[in-house]
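Per chain, numbering begins at 1; letters A, B, ... match sequence-line order. The figures that follow rest on heavy atoms only: side chains count, while hydrogens, waters and symmetry mates do not.
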Amino acid sequence: MNTDSTNESHAAYDFAYVQEKWLPVWDRVQPFKSGRPEDPRPKKYVLDMFPYPSGDLHMGHAEAYALGDVIARYWIQKGFNVMHPIAWDAFGLPAENAAIKRNEDPKIWTYENIAVQKASMRRFACSFDWDRVFNTCDPEYYKWNQWLFLQLHERGLAYRKDSAVNWCPGCQTVLANEQVVAGLCERCDTAVTKKKLNQWYFKITDYADRLLDDMADLEGKWPEKVLMMQRNWIGRSTGANVSFVIENRAEPVTVYTTRPDTLFGATFMVVAADSELASELALGSGVEEEFAQYCEKIRADSDIDRLATDRPKTGIFLNRFAINPVNGAKLPIWASDYVLADYGTGAIMAVPAHDQRDLDFARAMKLPVTVVVETGEEDPNSTGVATVGDGVLVNSGALNGMNKADAIAAINSQLEKDGLGKSARNYRLRDWLVSRQRYWGTPIPIIHCPACGEVPVPTDQLPLTLPNAEGLDLKPKGTSPLGAATDWVNVKCPKCGVEAKRDTDTMDTFVDSSWYYLRYPSSTNHSEPFSKKDLQTWLPVDQYVGGVTHAILHLLYSRFFTKVLNDMGMLDFKEPFTRLLNQGMVVMDGSAMSKSRGNLVRLSDELEHHGVDAIRLSMVFAGPPEDDVDWSDVSPSGSVKFLSRAWRLSGDVTSAPGVDFSKGELSLRRVTHKALHDADFAVESFRFNVAVARVMELVNATRKAIDSGAGPADPAVREAVEAIAIMLSLVAPFTAEEMWERLGHQPAVALAGWPVVDPALLVADAVTAVVQINGKIKDRIDVSPTISDAELEASALALPAIVEALSGATISKIITRAPKIVNIVINS
RNA sequence: GCCCCGAUAGCCCAAUGGCAGAGGCAGAGGACUUAAAAUCCUCCCAGUGUGGGUUCGACCCCCACUCGGGGCACCA
């Protein structure tokens, strides 16, 4: 061992020693404590998506928290009072499954993991404000989940209904629509089935328009991709509801269509086979038997079958007829599974000529196809391809000759006048199913009374805590384990006092995360979930950082909650997260890391080998934050090398702290100020990799200045190395702190402040202008940065190489952009 | 099938419509050394996926296509 920590200038950089050295110092200095009274700095709320305590931190956490930290630390250096909190999203199935396996209370596993993660975050030097921590599984937190549930219930936004719901046979619980991905359970990839159940819902559909329209405020501040995904998910469509008279039925049937202009082309009607309407129409039609068989057959089909793209159309003619309101045509009514019972009215008018699905059905069932829009495409009758473009209306009575837009307007107003229909909107978004048949979640605070019905648990009895897990069988069996806790379940009705039962379901854990960002400022408030004063100080979140996996789950639900709370007068903003950054994933050799794939990289190993700073730096420098980091492309040892180079500089500086930088050598000063300016701009625009590159450039230039330029005593060298330490403090806090000390300063470098850039130093004293002929570079000249267009043009034309190249040519035009370029256009 | 995003050196990635290269990885050579490691210095490499267009000038804007990634998927 040749390491000698007393011989500072030549000792090797020892990251392990430096890490151990600074943690206790930071614990004492507390550079990241937010919300001290009378703090005059303007606020910034930087938020990382809180983790689920599934074990120790992994590579993905390391990336996410490294990025969030760069932003938080940057704003602190820029003089803001930054709140950068953390908590744990601690309810959920993995804990429950682990508990079943280990035969113990899920809270043991959960709190153990939280302790492990918390210790790792401290070692990883996350700039969190540790005074605001909470866990969603703490009764003190979920008490407010229950309180909010009751607020929604009171407003009719939390309600129960019977419906065919998504059921995951693996998790043995129901799922919200958002939690079913391509027919599979988002959590365990089991094929989801349908089950008819009575469940709790939040009425997010009431907010569909506002969730959609308020996205205008997020434009340019959230990734376009997330906005697009939410738009698609909400799926607003505009069209018309049209009512059709049904033979031998008193009530007409209303259908929803986005193409009322094609009404004359409707040749049959289709109702969802699993709808009540279909059953009713089948009754007495003489085809009851076949209809029942058909329903039986489609019930056996899973979601996966339904999703198959080339699935042939099937259906049953119900032996009934509807009358087309515009031309009196008799339309046969069919039942099929290609029409969805829970979208629109569960019934459609089929226009096979201009809708591919209807055409496929018509061809399968030998039903007529009538073209009513002349689009110039080939006849769907012969091609089997529906024509969906704009065109001229034909075979459509008064609409003949109109284009699509005019025809829609005309038919809508005609239908409205005749009382046969009106324009309408529909959404793909469904209400949020929030009840779950599992133990480790927030109990739903409702008591079912045989006399009074749904009775809220009185708020002074909150939190309604989970019954003790001991003695309960947590194994999934399709109904909530809470049902077996008889002492807990059986209560007196708070209203009338008769024997009643508690609701035994627990809430979707996405409820917990839909408002947690409001809790941080008031995390110790015992009388309300959050105080208006705290919200006014800190909210909305200025910068949210997290994975794109939550694009339409957590981020949509949180926006919904914010709008509900806004309506309740509890907050005065409409959107919770002003800016959003989605970091990519950490992958290995192009695919997600997993034990089974054998490409798992352990964070603890990487930290052991290369140190915290080098891993943080590698994550940040690997590429743009939103791109995936392929660990096989990353060189942590390269990061270690760079950090050593930077660290070594701090031992070479021989001038004293406080020396007058303005006396320093000019060329290095220019590089320093340019680096500060560019890094600043890069961080603001999330190009952290570019910011790091600027620091590397400055390190190289400073090395050169020390070895073969201004020399170690020049004030410019100190200025440069101090700037390096400050910029590096965003990414490599241990190294930066160590450098700061070697430069003769007190901790913490995190609070040193971003050096003020001198604009005069950003202007070089000479720049190279390019002289082109017809866009091709012919020569270069060094000129003053303040040269005028005319001067530059004259100098360019005087250059011998240009004179020669221009001989015999006619100049038709000269474009000059001083001080960068002259382009001479000639006719050859 | 529909929608969105991307494609720059062996690799990861930079370039307000104005010199294609900032930074790094890998590679080659050299200095230091008894030697190696570490360190320092120097160098090599593409004309920006393809084909058109706009422009004095295009990695950048427009059109078509190829490939890759992502989202939605009978929502009428």
Side-chain angles (χ1 to χ4, degrees), chain A residues 2 10 12-13 181-183 223-233 235-237 239 255-259 262 266 270 272 306-311 313 336-340 342-351 354-358 360-361 426-430 548 551-552 584 590 617-618 621-624 626-630 632-639 641-642 644-645 648 675 678 682 687 689-700 703-704 707-708 768-780 812-817 820-826:
Chain A
N2 61 355
H10 297 293
Y13 174 57
V181 178
E224 188 47 46
K225 181 179 164 180
V226 173
L227 296 178
M228 186 203 68
M229 283 167 72
Q230 291 212 357
R231 268 188 208 106
N232 287 345
W233 188 261
R236 179 163 68 194
S237 81
V255 304
Y256 173 72
T257 176
T258 55
R259 293 293 304 275
T262 62
V270 187
R306 280 187 69 102
L307 288 171
T309 46
D310 50 356
R311 193 160 178 263
K313 293 278 184 285
S336 172
D337 65 349
Y338 89 90
V339 171
L340 305 178
D342 61 350
Y343 182 82
T345 61
I348 63 153
M349 66 177 209
V351 185
H354 307 297
D355 183 287
Q356 191 59 47
R357 295 154 302 184
D358 296 345
D360 292 343
F361 192 84
N426 260 307
Y427 305 87
R428 170 185 269 113
L429 181 72
R430 305 294 147 88
V548 75
I552 43 179
L617 175 68
S618 298
F621 184 58
E626 59 276 11
D627 288 5
D628 287 350
V629 175
D630 196 322
S632 60
D633 293 330
V634 167
S635 168
S637 59
S639 297
K641 226 164 78 180
F642 164 69
S644 312
R645 268 165 73 78
R648 222 175 296 119
D678 289 1
R687 285 145 57 246
N689 53 324
V690 178
V692 171
R694 291 289 98 85
V695 181
M696 288 175 166
E697 224 175 333
L698 181 56
V699 167
N700 292 342
R703 180 80 263 156
K704 203 169 275 182
D707 292 348
S708 57
T768 303
V770 173
V771 185
Q772 300 178 331
I773 294 179
N774 289 348
K776 299 268 181 266
I777 295 154
K778 292 292 172 192
D779 207 353
R780 298 176 166 82
S812 64
K813 196 176 187 180
I814 301 179
I815 292 101
T816 307
R817 296 283 180 273
K820 294 172 97 174
I821 197 166
V822 179
N823 187 15
I824 304 160
V825 186
I826 59 174

Taking side chain to side chain contact (heavy atoms under 4.5 Å, CB included) as the test, write out the residues that go with A:Gln356, two or more places apart.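 Partners of A:Gln356 by the side chain to side chain contact (heavy atoms under 4.5 Å, CB included) criterion, ordered by chain and then number, come out as A:Leu359, A:Asp360, A:Val385, A:Ala386.
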Atom pair distance, as rounded to whole Å: [atom1] in [X] and [atom2] in [N]:
| X | N | atom1 | atom2 | answer |
| --- | --- | --- | --- | --- |
| A:Ile777 | B:rA20 | CD1 | P | 4 Å |
| A:Asn689 | B:rC25 | CG | P | 15 Å |
| A:Asp633 | B:rA9 | CG | P | 14 Å |
| A:Arg428 | B:rG71 | CZ | P | 15 Å |
| A:Leu429 | B:rC72 | CG | C1' | 14 Å |

Just compare B:rG23, B:rG18, B:rC74 and give me whichever is closest to any side-chain atom of A:Asn823.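 My answer, after comparing the listed nucleotides, is B:rG18.
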Compare the minimum distances between each of B:rG18, B:rA22, B:rC25 and the side chain of A:Ser635, then state the nucleotide with the smallest one.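 Looking only at heavy atoms from C-beta outward on A:Ser635, the closest nucleotide is B:rC25.
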Note: A:Arg430-A:Asp342 ion pair, threshold 4.0 Å (strictly below): yes
Taking all atoms of both residues into account, what is the closest heavy-atom pair of A:Asn426 and A:Gly344, and its distance? ND2-CA, 3.6 Å
Please check if any side-chain donor atom of A:Arg645 sits under 3.5 Å from a side-chain acceptor atom of A:Asn700, or the reverse.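 Their side chains do contain a donor-acceptor pair, which is all the 3.5 Å distance test asks for.
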Distance, C1' atom - from B:rA14 to B:rU50, rounded to whole angstrom: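 Nearest-Å result for B:rU50 against B:rA14 at atom C1': 24 Å.
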Would you state whether a donor and an acceptor, one from the side chain of A:Lys820 and one from the base of B:rC19, lie under 3.5 Å apart? no
